[in-house]
Amino acid sequence: MAEPDPQDSLDAATQATRSLQGLSTELTARVPQLLEAMRSVGTGLELHSTLDRICATAAELAHARYAAIGVVDEAGEGLSDFVTYGVPEEVARAIGRRPDGHHGLLGALIHDPDPVRLADLTGDPRYAGFPPGHPRMRTFLGVPIRVQGEIFGNLYLTEKREGAEFSDYDLHMVRVLATEAGIAIGNARLYEAARQRERWIDGSVAVTTALLSGGDADDALSVVAEQARHLADSAAGIVLLPTAEGGLEIVAVSADDPSSSLGVIIPARSEVVAKLLAGEAVFIDDSATDSRMVTRLADLFGPSMLLPLQSGGRVLGALATPRARGARPFSRTERTLATQFASQAALALMMAEAQRDRERLAVYEDRDRIARDLHDLVIQRLFATGMMLESAQRRSVVPEVRTGVGRAVDELDVTIQEIRTAIFALQQEPAEAPSGLRTRVLREINMAAVPLGFKPSHRFLGAVDSLVGELTGKNLVAALREALSNAFRHARASVIDVVVDATATLPDGRAAVRLSVADDGVGIPEGGRRSGLRNLARRAESLGGASWFGPGIGEDGGGTTVVWEAPL
């Protein structure tokens, strides 16, 4: 990660000093305030918080009631993000969708990125009106923000306090601040890009680890869908496999409601299917309005990435990561990283398939050897023993001995037939049994160890594999994945303990399985996001169980313990 270049800040300050030469003492007196604002803007590396800080600092510097930054999209035709200051959250919700920059004054500034100062923006011919519920705004100041010589966006200020107009002094100050903002944004973008690449790399490693740790194909595809959804920050992660008719069928889904998507088939006539099976990625700006999207699911989503799962010229299927309607589009960097992730996942799937083939071949070879040994050694010896007994039976003159030997010969005949039946069964293809719950839980723990940097401890109580049903087991594994993901992203924990208890009971006395994931991290902050915990609760409640959280295993109860339980 590149550190902020002191020379860039010095150049900005020098430019500011030169621009202030010959101006009034009023502006010169505000130089300390400007320098403090520049210092404030350059603090921190997280991109969105940097944009928030720039808005707040610019509003304070120019005595404006409202400020905003419109981030220009990669095509340079509209806004991909719009960060505001001064607009209360309830007002922003009432306004609804934020400006897209395709029309009005904001759109004009994208195509003509020069400073604009207006006494009354409603009188400008480029003004296109405000949506219902929008605050009253008259005075306006707009300044472009450039990052490494390219337009990043525009800084907008409106409603100078006490009813005054923005002055030349304000314009000079804000232009200098915009220069420093460009430097700060450039460094924040570099930091964000580095963090983003790190997350995708960790996700690829986690997928490869999970796929090569064994297990059935369904679990492997579910891992790919779950990781893709998390890494792409999308509403769903979807894996599709080719059908016999030439279409693509959804076989694995990570979403709030996966059942509504599983089994849906995109027909072969779809242009998207043709491109994916040809190894081409498809990027959709709005799934609900794109004519190429022919399924009912498209109405639920906005921007989408559909990527072929291909390796070595072979297309195994496709991976889709759709975002919710109205969500920001995928950036060029996100598209590149997702494409690389899909290729890595496809390679891991092929390696896992080859590994399963090798294991299956080893089983076949072992079964063949056992069958040969049973036929060539055991049956032959039993047959020879039977003949010896029959000979002894004929020579015996004692009726009881003859009867007893006859029964022994009959038993040997039955045994030979049973062994021949076993040999026949060994020569058939073995049915693949699904992985037990214990194996799947261990796989999730091993996968989480990659991004965590340590392996969580674990305990199993009771006959986990035999007592827990398939549906409950799948939901328990998904709950464990969610809890471990939350611990990695938010808890900053150094110890995590996982317990799966198949001897638990619900408050009403029913037998249950209980999952506990405890850590020694920072705990759940007041007012923090709880979408993951709500997902856990919904999964448990759909099965007749419950989920909750409490104190962790850190000192004085520090950290968090997440509990998820469902009836057996």
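The shown structure was predicted, so the numbers you read here are calculated from the model rather than taken from an experiment. Heavy-atom basis, side chains included; hydrogens, waters and symmetry copies ignored.
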Inset, instruction - Please test Leu309 against Val239 for side-chain contact (heavy atoms from CB on, under 4.5 Å), starting from the C-alpha separation and ending with a verdict. - result: CA-CA 9 Å; Leu309 291 170; Val239 176; 4.2 Å; yes
Please check if the side chain of [X] supplies one atom and the backbone of [Y] the other of a donor-acceptor pair under 3.5 Å.
X	Y	value
Ser542	Arg539	yes
Asp465	Leu437	yes
Thr505	Arg510	no

Any heavy-atom pair between the side chains of [Y] and [X] that's under 4.5 Å?
X	Y	result
Val464	Val513	no
Thr472	Leu568	no
Leu241	Glu249	no
Val71	Leu51	yes
Val441	Phe460	yes
Ser516	Asp501	no
Phe283	Arg332	no
Ile69	Tyr85	no

Legend entry - Evaluation steps, side-chain contact (heavy atoms from CB on, under 4.5 Å), between Phe341 and Leu319: CA-CA 10 Å; Phe341 172 83; Leu319 174 65; 3.9 Å; yes
Legend entry - salt bridge (charged side-chain N to carboxylate O under 4.0 Å, His left out) evaluation trace for Glu482 with Arg229: CA-CA 12 Å; Glu482 181 80 33; Arg229 178 193 183 191; 5.6 Å; no
Using 0.5 Å steps for rounding, measure from the [atom1] atom of [X] to the [atom2] atom of [Y].
X	Y	atom1	atom2	answer
Arg538	Asn475	CZ	CG	12.5 Å
Gln227	Ser485	CD	OG	7.5 Å
Leu543	Glu565	CG	CD	11.5 Å
Ile266	Glu271	CD1	CD	13.0 Å
Ile238	Ser304	CD1	OG	8.0 Å
Ile445	Arg440	CD1	CZ	13.5 Å

Ignoring hydrogens, what is the shortest heavy-atom contact between [X] and [Y]? Give both atom names and the distance.
X	Y	result
Met305	Ala232	CE-CB, 4.3 Å
Leu467	Ala502	CD1-O, 3.7 Å
Ser270	Arg292	OG-O, 3.8 Å
Pro322	Ser234	O-CB, 3.2 Å
Val273	Gly247	CG1-CA, 4.2 Å
Ala324	Ala235	N-CB, 3.9 Å

Legend entry - Results of side-chain contact (heavy atoms from CB on, under 4.5 Å) for Ala318 - residues two or more places apart only: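 Applying side-chain contact (heavy atoms from CB on, under 4.5 Å) to Ala318 gives Leu240, Leu248, Leu276.
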Inset, instruction - Verify the neighbour count for atom CD of Glu90: are there more than 12 heavy atoms of other residues, nucleotides or ligands below 6.0 Å? - result: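 Atom CD in Glu90 is crowded, with more than 12 foreign heavy atoms closer than 6.0 Å.
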Inset, instruction - Apply side-chain contact (heavy atoms from CB on, under 4.5 Å) to the pair Val517 and Ile496, showing each step before the final yes or no. - result: CA-CA 7 Å; Val517 181; Ile496 297 177; 3.9 Å; yes
Inset, instruction - Answer yes or no: is there an ion pair linking Arg459 with Asp497, defined by an N-O contact shorter than 4.0 Å? - result: yes
Legend entry - Pair Asp520-Ser494, side-chain contact (heavy atoms from CB on, under 4.5 Å): steps then yes or no: CA-CA 7 Å; Asp520 65 345; Ser494 59; 2.6 Å; yes
